[in-house]
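Accompanying notes for the structure given below.
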Amino acid sequence: MYELRICHLYPDVLNLYGDRGNILCMQRRLQWRGIQANVTGVSVGDPLNVNDYDLFFIGGGQDFEQEVLLQDLAKGKAQQIRNAVEEEKTFLAICGGYQMLGNYYKTWDGHQCDFIGAVDLYTIGGRKRMIGNYMYRMDEQDGGMTIVGFENHSGRTYLGEGVRPMGKILAGYGNNGKDQTEGARYKNVFATYSHGPVLPKNPLLADRILRTALRYKYPNLELEPLEDKYENAAHQDMQRRMKQKGASAH
Ligand code: GLN
């Protein structure tokens with residue numbers, strides 16, 4: 001039987017706006033195809049051996065939670081995560097988790113948080129939070145599909161060389177509210193500001209991430225299509241609502 005080992009990093013600390021729903025979504029989409037999904041939560045004080053996992057998920061968190069985790073990351077997890085990213089393991093990181101994969105975050109009130117440095121990007125906090133439903137189009141090389149989500153962040157993220165965005169903003173703010181980019185792609189890392197959770201209402205993205213992780217292990221595995229009637233209806237409804245209201249659809 002095929003099996004995917006999912007590591008949920010800091011499930012009790014980083015879980016905003018139902019980000020954990022991404023784990024449930026991936027579990028179900030695997031099970032519906034007869035693929036076993038093993039999920040392990042790894043939190044503060046737990047050892048992390050990245051060789052034990054195929055896919056890593058990091059949810060969002062507020063500035064406070066991000067700062068709380070710095071010590072624990074420095075005790076070995078940061079190095080493990082850098083290794084896993086370079087070895088092309090698959091990651092999905094949301095908002096605060098996305099920022100933590102980067103080099104640093106300077107909060108709006110001047111705190112400097114040195115993060116994992118697994119992906120070349122940095123974040124600078126601003127006074128005005130970027131909040132609301134938003135929408136972006138994935139890069140062509142990632143399928144070119146439209147993603148709907150919800151963002152709420154003070155951080156403005158800027159990508160370094162060698163890191164490309166997940167996509168281009170169609171409505172809302174995205175990485176920094178200025179350059180129309182959203183999220184980050186580097187090797188097999190998928191990072192986005194999209195809470196909600198993002199995967200249940202974007203089944204094409206869910207399958208893209210699962211396929212990436214499965215192919216690492218089983219190069220010839222094909223994912224059977226699912227019906228996705230409700231998932232597509234939820235997705236289409238959000239697209240319709242945002243198009244109706246225009247770019248300020250919050
Ligand atoms: N603390 C970060 C910010 O405000 C991330 C918030 C979040 O994960 N929603 O930018």
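Note that ligands are numbered from 1 as they come in the structure, with each ligand's atoms numbered from 1 the same way. Just the heavy atoms: all of them, side chains too, but no hydrogens, waters or symmetry mates, feed the values below. All residue numbers refer to positions in the sequence shown, counting from 1.
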Next item on the list: Go through the steps to decide whether Arg164 and Asp142 satisfy the test salt bridge (charged side-chain N to carboxylate O under 4.0 Å, His left out), and finish with yes or no.
Entry: CA-CA 11 Å; Arg164 57 191 175 88; Asp142 280 321; 3.1 Å; yes
Checklist line | Whether Phe56 and Phe91 hold their rings parallel, tilted or perpendicular, with breakpoints at 30° and 60° | finding: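 The rings of Phe56 and Phe91 lie parallel, inter-plane angle below 30°.
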Notebook entry, point to check: Counting heavy atoms not belonging to Gln27, are there more than 12 under 6.0 Å from its CD?
Noted result: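 Yes, because the 6.0 Å sphere around CD of Gln27 holds more than 12 heavy atoms from other groups.
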So what's ligand 1 close to, N/O to N/O, under 3.5 Å?
| from | atom 1 | to | atom 2 | distance (Å) |
| --- | --- | --- | --- | --- |
| ligand 1 | 1 (N) | Gly61 | O | 3.3 |
| ligand 1 | 1 (N) | Asp63 | N | 3.2 |
| ligand 1 | 1 (N) | Asp63 | OD1 | 2.5 |
| ligand 1 | 1 (N) | Gln66 | OE1 | 3.1 |
| ligand 1 | 4 (O) | Arg129 | NH2 | 3.0 |
| ligand 1 | 4 (O) | Ser154 | N | 3.0 |
| ligand 1 | 8 (O) | Gly61 | N | 3.1 |
| ligand 1 | 8 (O) | Gly61 | O | 3.1 |
| ligand 1 | 8 (O) | Gly96 | N | 2.9 |
| ligand 1 | 9 (N) | Asn152 | O | 2.9 |
| ligand 1 | 9 (N) | His195 | NE2 | 2.9 |
| ligand 1 | 10 (O) | Gln99 | NE2 | 2.9 |
| ligand 1 | 10 (O) | Ser154 | N | 3.0 |
| ligand 1 | 10 (O) | Gly155 | N | 2.8 |

Notebook entry, point to check: With a distance cut-off below 6.0 Å to the six-membered ring centre and an angular limit of 45° from the axis, does Arg185 pair with Phe190 as a cation-pi contact?
Noted result: yes
Next item on the list: Supply the members, apart from Ile124, of the Ile/Leu/Val/Met/Phe/Trp/Tyr cluster built from side-chain contacts under 4.5 Å; use none for a lone residue.
Entry: Tyr104, Tyr122, Tyr158
Checklist line | Arg215 versus Leu221, closest heavy-atom pair with distance | finding: NE-O, 3.4 Å
